[in-house]
Amino acid sequence: MKIALITGINGQDGAYLAELLLEKGYMVHGVKRRSSLINTDRIDHLYQDPHDANVRFKLHYGDMTDSTNLIRIIQETQPDEIYNLAAMSHVKVSFDTPEYTANADGIGTLRLLEAIRILGLEKKTRIYQASTSELYGLVQEVPQSEKTPFYPRSPYAVAKLYAYWITVNYREAYNLYACNGILFNHESPLRGETFVTRKITRAVAAIALGLQQKMYLGNLDARRDWGHAKDYVKAMWLILQQETPEDYVIATGITTPVREFVKMAFAEVGAEIEFTGEGVDEKGFIKSITNSGFSLKVGQEVVLVDPAYFRPTEVELLIGDPTKAKTKLGWEPEYNLPSLCKEMVASDLEIFRKDDKTQWEHLAG
Ligand code: NDP
C-alpha cells in the first residue's frame, strides 16, 4: 500500500486529493494545524476512527513554520509521496501578512525538502509542490507555459517563487523526485468563501434567496483561467507518477473576466445582469428575470465596486498553456467553467436553504 502525506489536507485541494488517493488505495496522512474551533468540514466525510483496524486516513497536528514537527511526522509516516498544499493562500491577505506568508509558503517548502534529506528519504519519497500561476504576475507572455519568465506581483507570489526554485534546486542538487505543478486558478463548492468565484456564487445564492441585497467586488476586469479543483488534483497525482520529475502547467487555456463570471452565476438563478459605468463607478443590475421563484427584481442593483478589494499590485491576465500536461501526463479536465459555476451556485443555494429550511423551502430554482 502506497503512503501519502498531504499538508493543507483540510483545504480545498487537500480534501479532493485525499478523496482521490483513498479511492486509489493509498494510506493517507494529513497535516493539520491546531485551531480553536474544529475546521475539518471539508474532510469530515473521510474521517476514520483511529481505533478501528485497517485505518487508511489519519490526521497529525503540524505547522509549516515548525521544522521539528514536520521532521517527526515524516519520520513517523515514511511517505512515498508528499503533497505540499499548505499555504497562506490568499493573495490580497498576503499584503497584510507578508512575513508570515514568506515563512509558511516559502521557507515551509524548504523545511519539507530538508526533512526528506535529514531523514535519508531521498530515494524513497517523492514531493509535489503547489506552485501557482500567480508566479507569472505581470504578463510577460500569453499564454503562459513552463518556459514563460516569472514576475510575481504579491508577497504570496514572491514566497511561492522561492518555493518553486528551492524545489527545482533540491531536484538538481540532491536528485530528489521533486516537482512543481504550476496550477492556474481552480475552484469548487469547497473553495474558501473569500476567493472571488466563491464570493460571487455565495452572494448570488444569498441575493436570489432574499438574504442579501448586493455584493461588493474588486477589479471586475481581472481575467483568470479557472478550472475545477477535482480535475486539478488528478494532475497533481499524475505529476508524481512519471519516470522523471518535471514541472507542469495545469490550466484550461481559457480566460474569463470576473464580470463574465458574475453574469454566468446570476444566469444560474434566472437573472440577466447588465453592467453600466466604469472603474469604481461600475455597477451591475438585473436586466431581466426568467425564473420567478427567486427574490429578485428587475432593475435591482446587485453588484458594486469597492476599491478596498483592489490589490496594491494587480495581476490583470492569466491564461495557461496546458499542452505539456496534456501530452506528457495525458491529463484532460472533465469540467468547463459553466459546469463549474453551475455546481458552485447550486451548492451555495443548498447551503443557505439548509441553514433555514423552514424559511426557504417554498423557493424554487
Ligand atoms: P486553501 O486555502 O483552501 O488551503 C490551504 C491549506 O493550508 C489549509 O488546510 C490551511 O489550514 C493550510 N495551512 C495554511 N497555513 C498553514 C501552516 N502554517 N501550517 C500548516 N497548514 C497551513 O488552499 P487550496 O486548497 O485552494 O490550495 C492548495 C495549495 O495550492 C496552496 O498552497 C495554494 O497556494 C496553491 N494554489 C492554489 C490555487 C487555487 O486556485 N486554489 C492555484 C495555485 C496554487 P487552515 O484551514 O488551518 O487555514
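Quick caveat: nothing in here was measured; it's all calculated off a predicted structure. Whatever order the structure lists them in is the order used to number ligands and atoms, beginning at 1.
Between W226 and F261, the ring planes are tilted. Angles from 30° to 60° get that label. Ring-plane geometry between F150 and W165 is classed as perpendicular, the angle between the planes exceeding 60 degrees on a 0 to 90 degree scale with a lower cut at 30.
Ion pair E134/R153 not flagged as a salt bridge, since none of the NZ, NE, NH1 or NH2 atoms sits closer than 4.0 Å to an Asp/Glu carboxylate oxygen.
Taking each of R34, K32, R33, Q12 in turn, the one with a heavy atom nearest to atom 48 (O) of ligand 1 proves to be R33. Summarising the contacts of atom 23 (O) of ligand 1 with S89, G227, G14, G62, the nearest heavy atom is found in S89. Remark: among candidates A229, A87, A86, A104, the nearest residue to atom 21 (N) of ligand 1 is A86, based on non-hydrogen atoms.
Defined by atom type and a distance below 3.5 Å, a donor-acceptor pair is present between the side-chain atoms of H228 and E343.
Scanning all protein heavy atoms for the shortest distance to atom 30 (O) of ligand 1 gives A130 CB, 3.4 Å. Among protein heavy atoms, atom 29 (C) of ligand 1 sits closest to L85 O, 3.2 Å.
At under 3.5 Å, a nitrogen or oxygen of M64, whether backbone or side chain, sits near a nitrogen or oxygen of ligand 1. The distance criterion of under 3.5 Å between nitrogen or oxygen atoms is met by G11 with respect to ligand 1.
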>> Please evaluate residues K160 and Q129 with respect to the criterion side-chain contact (heavy atoms from CB on, under 4.5 Å), reporting the C-alpha separation (whole Å), side-chain torsions for both, the decisive distance (0.1 Å), and the verdict.
In response: CA-CA 9 Å; K160 285 281 189 174; Q129 168 56 20; 4.1 Å; yes
